[in-house]
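Side-chain atoms are counted along with the backbone in the values below, which use heavy atoms only and exclude waters and symmetry mates. The chain is numbered in sequence order, starting from 1.
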Amino acid sequence: MARILTKTKRAAINPLKVSQPLGAALAFLGIDEALPILHGSQGCTNFALVLLVRHFKQAVPLQTTAMDAITSVVGAADSLERAIVELAARTRPRLIGICTTALAETRDEDIAGDIINIKSALSQELKDSEVVLARTPDFAGAVEEGWSKAVTAIIEVITRHGTRARDPAKIVILAGSNMTVADIEHLRETIESFGLTPMILPDASRGSDLTASGQWVPIARGGTTVEQVRDLGAASQCIAVGEQMRRPAEALQGLTGVPYVMFESLTGLNNADRFAWLLKSISRTDVPTTLRRGRLQLQEAMLGGHFLLAGKKIAIASEPDQLFQFAQFFISMGALLTAAVTTTSHSTVLQLLPADSVQVGDLADLEQLAADADLLVTHSHGRQAAERLAVPLMRIGFPIFDRLGSQHKLKILYRGTRDMIYEVGNLVQSELRSTTALNRSVLAIQGS
């Protein structure tokens with residue numbers, strides 16, 4: 001069991017974590033025709049919007065209640081109502097996701113009561129829109145907590161309560177914030193190959209399809225529909241991916257009786273095997289040939305990858321679920337986890353981490369702990385630390401703004417694990433070649 005070392009610094013140096021409201025906004029963007037609104041100042045929203053646009057390389061629908069100095073003192077109920085009314089009339093969203101920021105939460109306002117009053121007073125204007133509140137102050141938690149709270153709130157507000165007739169072919173997938181577009185697409189294809197019908201929540205895999213049209217769409221497009229969320233109780237099974245999705249899974253089970261199974265990660269041979277066997281037992285069909293071939297290809301990649309990764313020292317900084325996902329992957333390849341840094345101590349998955357300790361901190365902590373590392377694994381803000389330490393950087397998580405196609409990298413099940421082995425192996429090989437070339441140059445200079 002890993003020891004969790006809490007942060008002791010008063011301020012973050014090169015911050016690792018991204019705020020709760022942004023995590024909630026990301027979750028709301030996985031709902032078709034949704035519009036996330038940050039309940040706070042324009043500056044908070046602008047900062048979040050910059051990160052989103054740089055990461056996804058496209059315009060992102062994100063709005064604000066634009067609290068100012070006066071509303072910060074006397075109350076922001078009017079700002080919230082005005083934003084909901086104007087945006088509902090202009091964009092006609094099916095779901096309005098309210099993500100509170102520290103500015104709104106510090107006053108300890110009754111925001112839930114304000115929303116009830118607004119919905120009651122504007123029942124006609126909001127008859128086609130669901131309004132969902134996620135309490136996500138910036139001063140607590142990080143992306144995973146915000147994502148989890150948003151998904152839980154979506155289920156509690158929209159999903160029909162009570163036990164219903166089950167469709168044995170339908171399963172609910174509660175996807176964690178660390179899953180990419182490619183992960184969700186592959187997950188859907190894998191489930192459908194067993195003859196099952198997946199309902200993935202949230203589903204951010206189809207929104208990018210509309211980018212090439214050249215038209216600005218002021219609300220999210222292509223995700224899970226409100227009607228599908230309402231009908232989640234008809235599923236026979238729920239699969240929660242990541243400890244962050246335990247709370248939404250428990251909420252769904254409590255409201256509808258749908259049982260759930262937890263997967264801390266879907267990366268790695270053992271996790272992929274467990275997932276395939278679960279789908280096999282639900283569908284009562286044989287494992288598809290493509291999946292069997294994928295397993296053989298992963299085994300072959302593991303044999304080759306061990307020669308490059310065994311004994312390598314890895315330093316990882318990420319959100320708890322993603323930290324566990326990659327730590328488990330590297331350990332399975334014979335690597336050593338020499339540094340583990342995360343954003344928050346609340347997740348119980350940290351206790352399962354294959355490491356002596358995990359530091360709650362920032363990228364300065366990672367740089368200090370990774371002095372002898374062979375590879376750094378974190379998001380794009382870790383690039384300066386990697387340069388100073390003269391080690392390669394594997395970019396994961398959010399944000400990744402200095403590389404193209406980060407959302408289309410597959411990292412789960414047999415195929416994704418295989419691709420990750422090749423990616424990391426090539427990084428290590430490239431570094432070995434650079435070091436060898438440098439040593440030869442030094443020897444040549446000394447010889448002359």
Side-chain angles (χ1 to χ4, degrees), residues 1-20 22-23 47 51 54-55 102 137-147 176-178 242-244 264-265 312-331 335-403 406 424 427-428 431:
M1 181 180 292
R3 290 183 298 114
I4 302 174
L5 308 177
T6 57
K7 61 183 178 180
T8 56
K9 293 184 295 188
R10 293 175 180 263
I13 304 169
N14 195 3
L16 168 65
K17 80 170 187 176
V18 181
S19 67
Q20 266 201 105
L22 195 146
F47 183 73
L51 282 178
R54 293 185 76 190
H55 178 78
D138 308 68
F139 51 73
V143 167
E144 285 186 2
E145 282 93 339
W147 179 284
S177 59
N178 53 318
E243 182 62 33
Q244 62 188 293
E264 283 79 14
S265 169
K312 294 296 180 185
K313 298 175 182 178
I314 312 297
I316 309 175
S318 187
E319 295 278 330
D321 278 345
Q322 192 165 57
L323 176 61
F324 178 82
Q325 174 190 9
F326 280 86
Q328 193 179 57
F329 162 75
F330 281 109
I331 293 296
L336 305 173
L337 186 60
T338 59
V341 181
T342 192
T343 56
T344 174
S345 60
H346 300 310
S347 178
T348 58
V349 79
L350 294 175
Q351 298 173 2
L352 305 176
L353 203 69
D356 294 332
S357 63
V358 54
Q359 176 69 57
V360 179
D362 54 28
L363 292 174
D365 294 315
L366 175 69
E367 187 172 350
Q368 182 179 2
L369 294 170
D372 62 343
D374 299 307
L375 177 69
L376 256 60
V377 183
T378 188
H379 54 58
S380 288
H381 290 303
R383 65 195 187 283
Q384 295 96 340
E387 290 172 2
R388 287 190 288 267
L389 294 172
V391 295
L393 171 66
M394 180 182 181
R395 291 162 173 82
I396 64 169
F398 179 93
I400 300 176
F401 49 77
D402 57 345
R403 291 293 185 273
S406 60
V424 178
L427 273 173
V428 172
E431 181 65 16

Is there a side-chain contact between L352 and F324 (heavy atoms, below 4.5 Å)?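 Yes - at least one pair of side-chain heavy atoms lies under 4.5 Å apart.
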Are any side-chain N or O atoms of Q368 and backbone N or O atoms of D365, one a donor and one an acceptor, separated by less than 3.5 Å?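 Such a contact is absent between Q368 side chain and D365 backbone.
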Heavy-atom side-chain proximity of V428 to D374 below 4.5 angstrom: no
Which value, rounded to the nearest 0.5 Å, describes the distance between I316 atom CD1 and T338 atom OG1? 9.0 Å
Side chain to side chain contact (heavy atoms under 4.5 Å, CB included) between L16 and L366, worked out: CA-CA 9 Å; L16 168 65; L366 175 69; over 6 Å; no
Between D138 and S19 (side chain of the first, backbone of the second, donor and acceptor by atom type, cut-off under 3.5 Å), is there such a pair?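 Checked: no pair found.
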Can a side-chain donor-acceptor contact be found between E144 and S347 if the only test is distance below 3.5 angstrom?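 Distance-only check fails for S347 and E144.
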Validation row: H55, S406 side chains within 4.5 angstrom (heavy atoms): yes
State, yes or no, whether a side-chain contact exists between W147 and E319 at a heavy-atom distance under 4.5 Å.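 Not in contact.
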Close side-chain approach of L51 and V18, heavy atoms under 4.5 Å: yes
To the nearest 0.5 angstrom, please state how far the CG atom of L375 sits from the CG atom of L389. 11.5 Å
Closest contact, heavy atoms only, E243 versus V349: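 Residues E243 and V349, closest heavy atoms: CB-CB, 4.0 Å.
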Taking side chain as C-beta onward, heavy atoms only, is L22 less than 4.5 Å from F47?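 L22 does not reach F47 side chain to side chain.
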Is a side-chain N or O of H379 found less than 3.5 angstrom from the main chain of S318, in a donor-acceptor match?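 No; judged by distance alone, with no hydrogens or angles, the pair does not exist.
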Any side-chain heavy atom of T343 within less than 4.5 Å of one from V143?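 Counting from C-beta outward, T343 and V143 never come under 4.5 Å.
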Kindly indicate whether the side chain of R54, heavy atoms from C-beta on, has any atom under 4.5 Å from the side chain of P399. no
Short side-chain to backbone donor-acceptor contact, Q20 and P137, under 3.5 Å: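 The answer is yes, because a donor-acceptor pair under 3.5 Å joins these two groups.
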Could you go through the side chain to side chain contact (heavy atoms under 4.5 Å, CB included) check for L350 and L323 one step at a time? CA-CA 8 Å; L350 294 175; L323 176 61; 4.1 Å; yes
Salt bridge K7-D362, side-chain N to carboxylate O under 4.0 Å: no
If only atom types and distance count, is the side chain of R383 paired as donor or acceptor with the main-chain N or O of S380 below 3.5 Å? yes
Taking atom CG of L337 and atom NZ of K313, what is their separation to the nearest 0.5 Å?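 One gets 12.5 Å once the value is rounded to the nearest 0.5 Å.
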Which heavy-atom pair separates H346 from T344 by the least distance, and what is that distance?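 For H346 versus T344, the nearest heavy atoms are CD2-OG1, 2.9 Å.
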For H381, is there any backbone N or O sitting under 3.5 Å from a side-chain donor or acceptor partner on N14? yes
What closest approach, in Å, do S345 and I4 show between heavy atoms, and which atom pair accounts for it? CB-CG2, 3.8 Å
More than 12 heavy atoms of other residues, nucleotides or ligands under 6.0 Å from CG of D372: yes or no?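 Yes - once you tally the heavy atoms of other residues, nucleotides and ligands closer than 6.0 Å, there are more than 12.
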Output the distance between atom CD (Q359) and atom CG (L369), rounded to the nearest 0.5 Å.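 So the CD of Q359 and the CG of L369 are separated by 6.5 Å.
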Spacing of CG belonging to L5 relative to CG belonging to D356, to within rounding of 0.5 Å: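 Answer rounded to 0.5 Å: 10.5 Å.
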So, taking the atom named CG in L363 and the one named CG in L376, what distance separates them when rounded to the nearest 0.5 Å?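 Atom-to-atom, L363:CG and L376:CG are 8.5 Å apart.
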Can you check whether A317's main-chain N or O pairs, donor with acceptor, with T378's side chain at less than 3.5 Å? yes
S177-Q244 side chain donor-acceptor pair, cut-off 3.5 Å: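 Looking only at side-chain atoms, Q244 and S177 do form a donor-acceptor pair, the distance falling under 3.5 Å.
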Any donor and acceptor pair, going by atom type alone, linking the side chain of K17 with main-chain N or O of G141 inside 3.5 Å?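 Yes: the side chain of K17 pairs with the backbone of G141.
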